[in-house]
*Asks:* 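Okay, here's the structure, questions in a sec.
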Amino acid sequence: MHFSSWSLSFFFVIFHSFSYVSLQANKPNVLLIIADDGGFEMGAYLNKICQTPNLDQLAKNSLIFNKAFTSVSSCSPSRSAILTGAPSHQNGMYGLHQGVHHFDSFNTIQSLPKILSNHKIKTGIIGKKHVGPESTYPFDYAQTEENNSILQVGRNITHIKLLTREFLNSTNQNPFFLYVAFHDPHRCGHTNPEYGAFCQKFGNGEAGMGLIPDWQPIHYQWDEITPPYYIPDTEPARRDIAAQYITMSRLDQGVGLILKELKDYLNNTLIIFSSDNGIPFPNGRTNLYDSGIAEPMFISSPYHKKRRNQITNSLASLLDIVPTILDWFGISNQNLTGKSLLPLLTKEPSDKSKEAIFASHNLHEITMYYPMRMIRTQRYKLIHNLNYLSPFPIDQDLYLSATFQDLLNRTKSGQPNYWFKTLKSYYFRPEWELYDLKLDPAELNNLASKTSMVDVLEDLKTRLFEWQKSTQDPWLCAPHAVLEDQGDFKDKIACLGLDNGV
């Protein structure tokens, strides 16, 4: 397994297809399940502590992706990319959708529910939506935080099961697309501290916590947990992880319930499982390091059994999800930048040397302006920090976490932080970061200024720039030039220098 992959928000998709395998008469369907800020805490990715038997069984019936990555490590931007196949800078979801942040995708974007509805496929969503506007992401059936408590539709696995049953009963055996978006294992210490750091107490049957009938809570010993390399090895951090594991197990049990509801549909169902962004720990979510963008992913097809329980090391992006779904349904590709992953279910590519995935981050919360662009190949990664003269921002729920508060207090008092970085080096980053992932998987040795790496650096810069052009990136010329693409520059865009180099 790719050891740096430890992210924390799942997304799980189940699809039926008819045209891809000539199953029009079988009226195939799609189920998409996404969890929030979860990742590799499961046996399928060699975690020996967190108990996830349902996900592990799904993995055994799937092709397991060892190098799958999100295109942006932030909730709403990632979900918009998952549902549109377009990076956040192209679809308009620059930051979080809710509250005062109020970011929305463009009205002209053709999202997955729109496309499928146009092909007479009924669409439904249960759980966390976190994208908008409604006109861009319309679902025929919707039980989300917009008309329910997010705790009930996102963490109450009994309620999620019953809503799934309700939706299935409403389809009248017609083709459907159902998106189930778990809120586990997202942090909730910022919004609902009474339920614990990860809402691990919600519904556990204790006084004031309510009861989720189908959930059997599993508790973990913090001192038996070994944090991944990028999380401080301290008691507060281990306790944080132990709380997260409780909600990971709740997610796993919820996935099991969903699959049971779908038992009559599984013979012609494609299942895709992944996550939306990195876990809410230092060096995780909102970062473009592998610890922030690497995701679990399984794809299980009833018609491609040869590669079940095998691993692929081909690079995959969550931008590939929409092309994969459209390919499965036999719907034209809509000029998307991603690729279908269905061919990997047949065989592994013989040459992966030209593979690359891209990432694009702008904001998380409204105050967290830190645009970054990234290209990652099988060996190298290049990150362009456009706002590199400012400190890297910290989001609200991570800041309040026991892990970060301990790291902050240790730094202030001059104590050892038991981390692989200092807070200063974490906050202040150079404009360009170049890493050799073969020799430096923890991404600690920046090679951008090495004369021996000039050719690699220039090649990656060129490929990244071309991707930004092809996806109409408004930040194409930042931070040292102004993008001009109107008037005299309408037919030939230009980056006009600011002479602001430092």
Side-chain angles (χ1 to χ4, degrees), residues 2-7 66-67 69-73 87 228-231 278 282-284 286-294 313-315 317 351-362 370-393 417 419-471 473 475-481 495 497-502:
H2 189 270
F3 93 97
S4 64
S5 300
W6 211 80
S7 93
N66 205 30
K67 294 181 179 178
F69 302 89
T70 184
S71 66
V72 50
S73 192
Y229 72 96
Y230 60 91
I231 295 180
N283 223 68
T286 73
N287 285 276
L288 296 186
Y289 303 120
D290 273 12
S291 49
I293 62 171
N313 283 305
S314 185
L315 296 180
S317 168
D351 182 9
K352 306 184 187 72
S353 61
K354 299 299 182 181
E355 291 183 343
I357 56 100
F358 299 86
S360 164
H361 179 93
N362 302 301
Y370 203 85
M372 300 176 283
R373 300 296 182 265
M374 184 215 77
I375 176 174
R376 188 198 194 280
T377 67
Q378 286 285 352
R379 178 159 185 176
Y380 296 106
K381 175 185 288 184
L382 179 67
I383 300 173
H384 190 190
N385 297 308
L386 306 183
N387 201 24
Y388 65 99
L389 293 178
S390 293
F392 187 80
N417 63 19
W419 197 34
F420 75 144
K421 293 182 177 181
T422 65
L423 272 181
K424 184 176 181 179
S425 67
Y426 186 63
Y427 291 152
F428 295 99
R429 308 177 183 189
E431 180 179 2
W432 296 97
E433 297 180 72
L434 174 64
Y435 299 107
D436 184 335
L437 300 171
K438 179 180 179 180
L439 302 178
D440 179 28
E443 298 166 274
L444 292 173
N445 184 21
N446 184 8
L447 304 175
S449 62
K450 300 291 184 182
T451 56
S452 60
M453 299 300 291
V454 169
D455 290 344
V456 172
L457 178 64
E458 291 306 313
D459 174 64
L460 294 178
K461 280 185 177 182
T462 299
R463 295 173 71 180
L464 181 58
F465 186 76
E466 289 302 316
W467 179 75
Q468 290 182 258
K469 284 200 299 184
S470 70
T471 55
D473 188 353
W475 284 265
L476 178 68
C477 303
H480 302 297
C495 291
L498 291 166
D499 196 27
N500 67 344
V502 177

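Computed from a predicted structure; not experimentally measured.
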*Asks:* So, using side-chain contact (heavy atoms from CB on, under 4.5 Å) as the criterion, who are the partners of Phe428 when residues are at least two apart?
*Replies:*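 If we apply the side-chain contact (heavy atoms from CB on, under 4.5 Å) test to Phe428, skipping adjacent residues, the hits are Pro391, Lys424.
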*Asks:* With Lys352, which residues qualify under side chain to side chain donor-acceptor pair (under 3.5 Å), at least two apart?
*Replies:*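 Scan of Lys352 (side chain to side chain donor-acceptor pair (under 3.5 Å), adjacent residues dropped) gives Glu348.
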*Asks:* Of the options Glu433, Glu431, Lys461, Arg373, which is the one that meets His384 in a side-chain hydrogen bond (donor to acceptor under 3.5 Å, both in side chains)?
*Replies:*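 Of the listed residues Glu433, Glu431, Lys461, Arg373, the side-chain hydrogen bond (donor to acceptor under 3.5 Å, both in side chains) partner of His384 is Glu431.
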*Asks:* Only pairs under 3.5 Å count here: list side-chain donor-acceptor contacts from residues 444-457, not counting sequence neighbours, and write none if there are none.
*Replies:*
| residue | atom | partner | partner atom | Å |
| --- | --- | --- | --- | --- |
| Asn446 | OD1 | Leu434 | N | 2.8 |
| Asn446 | OD1 | Ala448 | N | 3.1 |
| Asn446 | ND2 | Trp432 | O | 3.1 |

*Asks:* With sequence neighbours excluded, what pairs up with Asp436 under the salt bridge (Lys or Arg N to Asp or Glu O under 4.0 Å) test?
*Replies:*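 Only Arg379 meet the salt bridge (Lys or Arg N to Asp or Glu O under 4.0 Å) criterion with Asp436.
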*Asks:* Tell me, please, which residues at least two apart from Thr377 pass side chain to side chain donor-acceptor pair (under 3.5 Å).
*Replies:*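 Thr377 satisfies side chain to side chain donor-acceptor pair (under 3.5 Å) with no other residue.
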*Asks:* Suppose we screen for side chain to side chain donor-acceptor pair (under 3.5 Å). Which residues come up paired with Asn313, at least two apart in sequence or across chains?
*Replies:*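 If we apply the side chain to side chain donor-acceptor pair (under 3.5 Å) test to Asn313, skipping adjacent residues, the hits are Asn66.
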*Asks:* May I ask you to say whether Glu466 pairs ionically with Arg463, meaning some side-chain N is under 4.0 Å from a carboxylate O?
*Replies:*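 Salt bridge between Glu466 and Arg463, a charged N being under 4.0 Å from a carboxylate O: no.
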*Asks:* Counting distance only, does the side-chain N/O of Thr422 pair as donor-acceptor with the main-chain N or O of Ser425 below 3.5 Å?
*Replies:*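 Yes: the side chain of Thr422 pairs with the backbone of Ser425.
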*Asks:* Go through the structure and list residues passing side chain to side chain donor-acceptor pair (under 3.5 Å) with Tyr426, not counting sequence neighbours.
*Replies:*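 Listed in chain order: Asn287.
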*Asks:* Could you tell me which residues satisfy ring pair (Phe, Tyr, Trp, His ring centres under 6.0 Å) with Tyr289, sequence neighbours excluded, listed by chain and number?
*Replies:*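 Tyr289 satisfies ring pair (Phe, Tyr, Trp, His ring centres under 6.0 Å) with no other residue.
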*Asks:* Which residues satisfy the salt bridge (Lys or Arg N to Asp or Glu O under 4.0 Å) test with Lys421, sequence neighbours excluded?
*Replies:*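 Residues passing salt bridge (Lys or Arg N to Asp or Glu O under 4.0 Å) with Lys421: none at all.
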*Asks:* Is the side chain of Arg376 donor-acceptor paired with the backbone N or O of Phe358 at a distance under 3.5 Å, no angle test?
*Replies:*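 It does not hold such a pair.
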*Asks:* Is the backbone of Tyr230 close enough, under 3.5 Å, to the side chain of Ser291 for a donor and an acceptor to pair up by distance?
*Replies:*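 Side chain of Ser291 to backbone of Tyr230: no pair is present.
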*Asks:* Less than 4.5 Å apart, side chain to side chain, heavy atoms only: is that true for Pro87 and Gln468?
*Replies:*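 Counting from C-beta outward, Pro87 and Gln468 never come under 4.5 Å.
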*Asks:* Can you tell if the side chain of Thr462 reaches within under 4.5 Å of the side chain of Phe465, non-hydrogen atoms only?
*Replies:*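 Result no, sub-4.5 Å side-chain heavy-atom pair not found.
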*Asks:* Please enumerate all residues that pass salt bridge (Lys or Arg N to Asp or Glu O under 4.0 Å) together with Glu355, with sequence neighbours excluded.
*Replies:*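 Glu355 satisfies salt bridge (Lys or Arg N to Asp or Glu O under 4.0 Å) with no residue once adjacent residues are dropped.
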*Asks:* Tell me yes or no: between the side chains of Asp351 and Ser353, is some donor less than 3.5 Å from an acceptor?
*Replies:*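 Yes.
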*Asks:* Test side-chain contact (heavy atoms from CB on, under 4.5 Å) on Tyr380 and Leu460 and set out the steps.
*Replies:* CA-CA 9 Å; Tyr380 296 106; Leu460 294 178; 3.8 Å; yes
*Asks:* Looking at Met372, is its backbone amide N or carbonyl O close enough to the side chain of Asn385 to form a donor-acceptor pair, meaning the two atoms are under 3.5 Å apart?
*Replies:*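 Judged by distance alone, no pair lies under 3.5 Å.
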